[in-house]
Structure formats: C-alpha cells, structure tokens
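Have a look at the structure below, then the notes.
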Amino acid sequence: MNLVITILTITTALSLVLATVSFWLPQMNPDAEKLSPYECGFDPLGSARLPFSLRFFLVAILFLLFDLEIALLLPLPWGDQLYNPAGTFFWATAVLILLTLGLIYEWTQGGLEWAE
C-alpha cells in the first residue's frame, strides 16, 4: 500500500509541476495573423470568389488516400493469431502493392509536384 501512495504522490506532484511550468514558460507574442480565426491563408473579410489552386486539394486528397494505409495496416501484428494468418498477410501485401503502384503512377504523372 505504501508503494501505491508513493507512486500516486509522485505522479500528482509531477503533473502539477508540468502544468504550472507550461503556463509560465511560453512567451506570448500575439499579432494579427495569430489572432485571426482563420488559419488557411485566405482573408476572411475579402471576396469569397478569389481563385485558388486546385493542386492543393489534389495533393491533400492524395495524402489522405496514402495515409489511410496506416489505419488499414495497424491491426496487422495481431493477424498472426487468426485462423488463417497467411491470408491476412496476403491481403495486407496486396493493399501495400496496390498503394505503391498508385504512388508510382501519381509520381510519374506529376501529381505530386507543387509547381509546374
């Protein structure tokens, strides 16, 4: 019981010290850009009809597509405990090959370039 009380005391004290330091340590230098509610780079008071680059959205969609592979492959280490682990690894490899081929295709087509 003494060990549990010691651990709780240390964790509580450490949490309080870190919380106090995090409030006193940072230097606040607010300016117009940081105080703006919009952080996307557009002027919130300007015209809503300004043209913007479609390539930005293309790269963002590609990032989301290739980033989803992490979510699909996260349970893979537990796949060896299934009834048919070879099938699980086969499908995981198929997903990785498909995504790699998609990345190679986008790279060769110039879909990952910011400027032409």
Fill in: Distance (rounded to the nearest 0.5 Å) between Asn84 CG and Phe90 CZ
11.0 Å
Discussion item. Distance check, rounded to the nearest 0.5 Å: Tyr83 atom OH versus Thr88 atom OG1?
Written reply: 12.5 Å
Worksheet entry | Inter-residue atom distance Leu99.CG - Ile104.CD1, 0.5 Å rounding | 11.0 Å
Item to complete: For Ile97, enumerate each residue passing the side chain to side chain contact (heavy atoms under 4.5 Å, CB included) test, keeping only those at least two apart in sequence or located in another chain.
Response: Thr93, Leu101
Discussion item. Donor-acceptor check, side chain of Thr12 to backbone of Thr9, threshold 3.5 angstrom: yes or no?
Written reply: no
Response to the item:
Taking every heavy atom of Thr100 against every heavy atom of Leu96, the minimum-distance pair comes out as OG1-O, 2.7 Å
Worksheet item: Can you name the side chain to side chain contact (heavy atoms under 4.5 Å, CB included) partners of Leu103, sequence neighbours left out?
Response: Phe66, Leu112
Worksheet item: In terms of heavy-atom contacts, does CZ of Phe63 have more than 12 from other residues, nucleotides or ligands at under 6.0 Å?
Response: no
